[in-house]
Amino acid sequence: MGNFLKKIGFFLAFLLPLFSILGYYVGGAANWLTVFFVFVLIPLFDYLIGKDTQNVEKEQEKQFSEQKYYRFITFIWVYVQWAMLFWACYVIAFGTWQPLHLVGFTLGIACVMGGIGITVAHELGHKNTKIEQFYSQILLLSVSYMHFFIEHNKGHHVHVATPLDPASSRKDETVYAFWLRSVVGGYRSAWKIENDRLARAKLPFYRNQMLYYTILPLLLAASLYAIFSWISGENVWQVPLFFVVQSILSFSLLELVNYIEHYGMQRKALAEGRYERVTPLHSWNASDLFSNFFLFQLQRHSDHHAFAHRRYQVLRHFEESPQLPFGYPTMILIALVPPLWFALMNPKLEQWKRATFSVAS
């Protein structure tokens, strides 16, 4: 595929907020439009279009990495996400809802805020510029998952594919058991990382970022309640409730992705509690072209973990990496049915173990 078409392709992510808005104003069952697109049409297009295994030429990687165009797309998303949050709260406060339509609308907003928003936050959070790190944090604020900024970079990427990582799913662990372990364990891990940082630097407790990452989402929920209650002239309890529910659904989507990215992966243990270096063999990879446009090539996860600094536009496909049979939207649906997931993935995991550990030995 040409570079021009790929450039345009990354703007496809902006279809999701448009579908949520369109679905609301059409009304009725159309509130499920975003969910239908994500979990029916994207898998269908993945099947019809197929894989993209082409990589940017090595001599062009630096040039592509430095192109501001790709950064510009992620920066725009920050403003779109916050506009969507306030718009969604507005229609929740002033709209008339039937329960089934409200469920579809809320799930659709979670696909926008969590499926795309946290993916962009993840991309920006790995970069070393202050503006990108700031944008990452305010995106995570919009879904009440700010500790991810600490834990993912300083915890998950250090301990991935080991028993020390709460965000690495284990063989025969259901996605529901994993969700609880990862959500609770990740939050605790972020506190420990920050406490250790303060202890090493001999800094006072109020310099702990986790204090603010915990308080800010609560302040945001209270502010949304105050703003929309003032506008409407009455108590709009449904606004903070919606904010909390969409946050839970959004970060649950992230945890579903964590589950499928690292299911059963293990790094070889070395002496003194250390583990082998992370390589492209230690994450499940998917190079489905269409869904990768929406996820800023997050599905090329093997390269991301082996080289976390790489920008999304130059992430590479590795044939030797363990390959998922489908893109993330399809794999998420399968993961929600544990017997189906185990039947599909356990044989692939065993095949990966035989190949990986026989090579290592």
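Only a predicted model underlies this, so the values are computations on that prediction, with no experimental measurement involved.
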| Phe14 side chain reached by Leu18 side chain, heavy atoms, under 4.5 Å | no

| Heavy-atom pair with the smallest gap, counting every atom of Leu349 and Met265 | CD1-CE, 3.9 Å

| query | Regarding Gln137 and Tyr213, is there a side-chain donor-to-acceptor distance under 3.5 Å anywhere? | reply | yes

| Where is the tightest heavy-atom contact between Ile150 and Gln209, given as atom of each residue plus distance? | CD1-CB, 4.0 Å

| remark: Looking only at heavy atoms, the pair that brings Ala161 and Ser168 closest together is N-OG, 2.9 Å

| message | Taking CZ in Phe72 as the centre, count heavy atoms belonging to other residues, nucleotides or ligands within less than 6.0 Å. Is the count above 12? | response | no

| message | Checking Met113 against Leu253 for the side-chain contact (heavy atoms from CB on, under 4.5 Å) test, could you report, in this order, the C-alpha distance in whole Å, the side-chain angles of both residues, the deciding distance, and whether it holds? | response | CA-CA 10 Å; Met113 307 288 285; Leu253 201 53; over 6 Å; no

| said: Angle between ring planes, Trp341 versus Tyr259, binned at 30° and 60°: parallel, tilted or perpendicular? | reply: tilted

| Does a salt bridge link Asp196 with Arg200, judged by any charged N lying under 4.0 Å from a carboxylate O? | no

| request: Sequence neighbours left out, what passes side chain to side chain contact (heavy atoms under 4.5 Å, CB included) with His126? Give chain and number order. | output: His122, His152, Asn153, His157, His304, Ala308

| query | In terms of hydrophobic clusters joined by side-chain contacts under 4.5 Å, are Phe149 and Tyr187 together? | reply | yes

| Nearest heavy-atom neighbours spanning Val314 and Gln297 | N-NE2, 4.4 Å

| message | For the CH2 atom on Trp97, are there more than 12 heavy atoms of other groups (residues, nucleotides or ligands in this structure) within a distance under 6.0 Å? | response | yes

| message | Same cluster or not: Val245 versus Leu224, using hydrophobic residues (I, L, V, M, F, W, Y) connected whenever any side-chain heavy atoms lie under 4.5 Å apart? | response | yes

| query | Side chains of Leu124 and Leu139: closer than 4.5 Å at any heavy-atom pair? | reply | yes

| query | About how many Å separate CH2 of Trp191 and CG of Asn195, when rounded to the nearest 0.5 Å? | reply | 6.5 Å

| message | Please check: side-chain N/O of Gln323 versus main-chain N/O of Ser321, any donor-acceptor pairing under 3.5 Å? | response | yes

| message | Are the side chains of Val257 and Ile332 in contact, using a 4.5 Å heavy-atom criterion? | response | yes

| said: Under a 3.5 Å cutoff, is there a donor and acceptor pairing between the side chains of Tyr225 and Asn235? | reply: yes

| Under 3.5 Å, is there a donor-acceptor pair linking the side chains of Thr34 and Ser20? | yes

| Donor-acceptor side-chain pairing of Tyr328 and Glu261 below 3.5 angstrom | yes

| message | Is it true that, when you exclude Gln67 itself, more than 12 heavy atoms of the residues, nucleotides or ligands shown sit nearer than 6.0 Å to its CD? | response | yes

| task | Could you tell me whether the side chain of Lys171 reaches within less than 4.5 Å of the side chain of Gln266, counting heavy atoms only? | result | no

| query | Are the side chain of Trp82 and the backbone N or O of Ile138 linked by a donor-acceptor pair below 3.5 Å? | reply | yes

| request: For the pair Asn346 and Tyr263, evaluate side-chain hydrogen bond (donor to acceptor under 3.5 Å, both in side chains) and give the outcome as yes or no after the intermediate values. | output: CA-CA 9 Å; Asn346 280 1; Tyr263 178 71; 2.6 Å; yes

| query | Phe290 and Leu12: side-chain contact (heavy atoms from CB on, under 4.5 Å), yes or no, with the steps? | reply | CA-CA 9 Å; Phe290 195 69; Leu12 288 174; 3.8 Å; yes

| request: Give the ring-plane orientation class for Phe10 versus Tyr70, where under 30° counts as parallel, over 60° as perpendicular and anything between as tilted. | output: perpendicular

| said: For the NZ atom on Lys51, are there more than 12 heavy atoms of other groups (residues, nucleotides or ligands in this structure) within a distance under 6.0 Å? | reply: yes

| field | Minimum heavy-atom distance between Phe228 and Cys89, given as atom pair plus value | value | CE1-CB, 3.5 Å

| request: Nearest 0.5 Å please: distance from the CZ atom of Arg207 over to the OH atom of Tyr212. | output: 8.5 Å

| task | May I ask you to decide if the ring planes of Phe37 and Phe19 are parallel, tilted or perpendicular, using 30° and 60° as cut-offs? | result | tilted

| query | Should Leu344 and Met331 count as side-chain neighbours, where that means a heavy-atom distance under 4.5 Å? | reply | yes

| message | Is there a continuous path of hydrophobic side-chain contacts, each under 4.5 Å between heavy atoms, that joins Leu340 to Leu333? | response | yes

| task | Look up atom CD1 in Ile131 and atom CZ in Arg71, then write down how far apart they are to the nearest 0.5 Å. | result | 11.0 Å

| field | Polar contact flag, side-chain donor to acceptor under 3.5 angstrom, Thr74-Glu123 | value | no

| Any chance OH of Tyr176 has more than 12 other-residue heavy atoms, nucleotides or ligands included, within less than 6.0 Å? | yes

| request: State, yes or no, whether a side-chain contact exists between Val91 and Phe105 at a heavy-atom distance under 4.5 Å. | output: yes

| request: Classify the angle between the aromatic ring planes of His305 and His262 as parallel (below 30°), tilted (30 to 60°) or perpendicular (above 60°). | output: perpendicular

| request: Of all the heavy-atom pairs spanning Asn55 and Arg316, show the shortest one and how long it is. | output: OD1-CA, 3.3 Å

| message | Angle between ring planes, Tyr145 versus His147, binned at 30° and 60°: parallel, tilted or perpendicular? | response | perpendicular

| task | For the residue pair His159 and Ser189, establish whether any side-chain heavy-atom pair is separated by less than 4.5 Å. | result | no

| field | Within 6.0 angstrom of Phe134 CZ, more than 12 heavy atoms from elsewhere | value | no

| Cluster companions of Phe307 among Ile, Leu, Val, Met, Phe, Trp, Tyr (side-chain spacing under 4.5 Å) | none

| task | Measure the spacing between CG of Leu141 and OG of Ser247 and express it to the nearest 0.5 Å. | result | 8.5 Å

| task | For ring-ring contact (aromatic ring centres under 6.0 Å, His included), just list the numbers for Tyr90 and Tyr24, CA-CA rounded to whole Å, side-chain angles, deciding distance to a tenth of an Å, and then say yes or no. | result | CA-CA 12 Å; Tyr90 176 84; Tyr24 172 75; 8.9 Å; no

| Other residues, nucleotides, ligands: >12 heavy atoms within 6.0 Å of Tyr25 OH | yes

| field | Distance, nearest 0.5 Å, that separates CZ of Arg181 from CG of Asp165 | value | 8.0 Å

| query | Is there a donor-acceptor pair under 3.5 Å between the side chain of Asn285 and the backbone N or O of His301? | reply | yes

| same_hphob_cluster(Ile248, Met84) at 4.5 Å side-chain heavy-atom cutoff | yes

| Spacing of CZ belonging to Arg197 relative to CE belonging to Met210, to within rounding of 0.5 Å | 12.0 Å

| query | Is the ring centre of Phe326 less than 6.0 Å from the ring centre of Trp284? | reply | no

| task | Measure the shortest side-chain to side-chain distance between Asp172 and Arg170 over non-hydrogen atoms and say whether it is less than 4.5 angstrom. | result | no

| task | Apply ring-ring contact (aromatic ring centres under 6.0 Å, His included) to Tyr79 and Phe75, showing your working. | result | CA-CA 7 Å; Tyr79 297 93; Phe75 288 2; 8.6 Å; no

